[in-house]
Amino acid sequence: MTIAVIDRGVGIDAEDLTRAFERFYRTRYAHDNAIQGVGLGLWLVKTIAEAHGGTITATSTPGEGSTFTLTLPVPSAGHDTEAKAPP
Ligand SMILES: Nc1ncnc2c1ncn2[C@@H]1O[C@H](COP(=O)(O)OP(=O)(O)O)[C@@H](O)[C@H]1O
Ligand SMILES: [Mg+2]
């Protein structure tokens with residue numbers, strides 16, 4: 001399963017994008033413009049995605065926006081994929 005989230009925000013430049021998923025990393029734009037945050041959001045998404053066998057990647061154009069792409073494995077055909085009520 002692939003989910004893409006697209007924004008038309010400030011974007012993230014190539015150098016910051018290589019580090020944006022690191023724990024506590026904040027972009028220079030965030031620093032320079034006093035954008036609030038501690039740099040945990042994307043690291044949390046990556047950690048949770050990978051814990052489920054998935055991936056998260058991003059592409060971005062400064063001044064235009066960003067696309068975040070989450071992939072998650074789904075059960076192969078033949079498995080019972082019906083949602084079950086908790087016990
Ligand atoms: N969609 C986005 N567009 C531009 N900058 C972003 C976007 N998402 C995150 N950033 C920036 O990338 C850095 C890492 O983001 P994140 O891990 O979500 O930190 P935080 O928890 O502080 O929001 C932060 O400096 C944040 O401002
Ligand atoms: Mg965030």
Side-chain angles (χ1 to χ4, degrees):
M1 176 171 63
T2 301
I3 300 169
V5 178
I6 301 170
D7 71 48
R8 295 284 174 252
V10 297
I12 303 172
D13 69 36
E15 195 178 331
D16 278 321
L17 201 53
T18 64
R19 302 195 59 190
F21 291 92
E22 291 178 16
R23 189 167 52 154
F24 297 122
Y25 188 79
R26 301 183 68 235
T27 60
R28 284 166 299 169
Y29 182 92
H31 273 290
D32 294 349
N33 293 279
I35 306 288
Q36 292 196 344
V38 292
L40 282 177
L42 294 178
W43 176 78
L44 281 168
V45 171
K46 185 172 192 281
T47 300
I48 295 168
E50 291 178 353
H52 288 275
T55 61
I56 175 93
T57 59
T59 59
S60 188
T61 304
E64 293 187 11
S66 310
T67 300
F68 294 84
T69 304
L70 170 69
T71 65
L72 291 170
V74 293
S76 57
H79 284 70
D80 180 4
T81 56
E82 289 287 313
K84 289 190 173 63

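All residue numbers in this chain count up from 1 along the given sequence.
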Tell me who clusters with Val10, hydrophobic residues only, linked when side chains sit under 4.5 Å apart either directly or through other members. Tyr29, Ile35
Report the distance from atom OG1 of Thr2 to atom CG of Leu70, rounding to the nearest 0.5 Å. 8.0 Å
What are the two closest non-hydrogen atoms of Glu15 and Thr18, and how far apart are they? O-OG1, 2.7 Å
Check for me, please, whether Phe68 and Ile3 land in the same ILVMFWY cluster - side-chain distances under 4.5 Å, paths through other members count. yes
Using a 3.5 Å cut-off and no angle test, enumerate the donor-acceptor pairs between side-chain atoms of residues 38-47 and protein atoms at least two apart in sequence or in another chain.
residue: Lys46; atom: NZ; partner: Glu50; partner atom: OE2; Å: 3.0
residue: Thr47; atom: OG1; partner: Trp43; partner atom: O; Å: 2.8

Donor-acceptor pairs under 3.5 Å, side chain of residues 53-63 to any protein atom, not counting sequence neighbours: which ones?
residue: Thr55; atom: OG1; partner: Thr71; partner atom: OG1; Å: 2.5
residue: Ser60; atom: OG; partner: Ile12; partner atom: N; Å: 2.7
residue: Ser60; atom: OG; partner: Ile12; partner atom: O; Å: 3.4
residue: Ser60; atom: OG; partner: Gly65; partner atom: O; Å: 3.0
residue: Ser60; atom: OG; partner: Ser66; partner atom: OG; Å: 2.8

Gap between atom OG1 of Thr67 and atom CG of Asp7 - 0.5 Å precision: 7.5 Å
Heavy-atom pair of closest approach, residues Gly37 and Arg26: O-NE, 3.0 Å
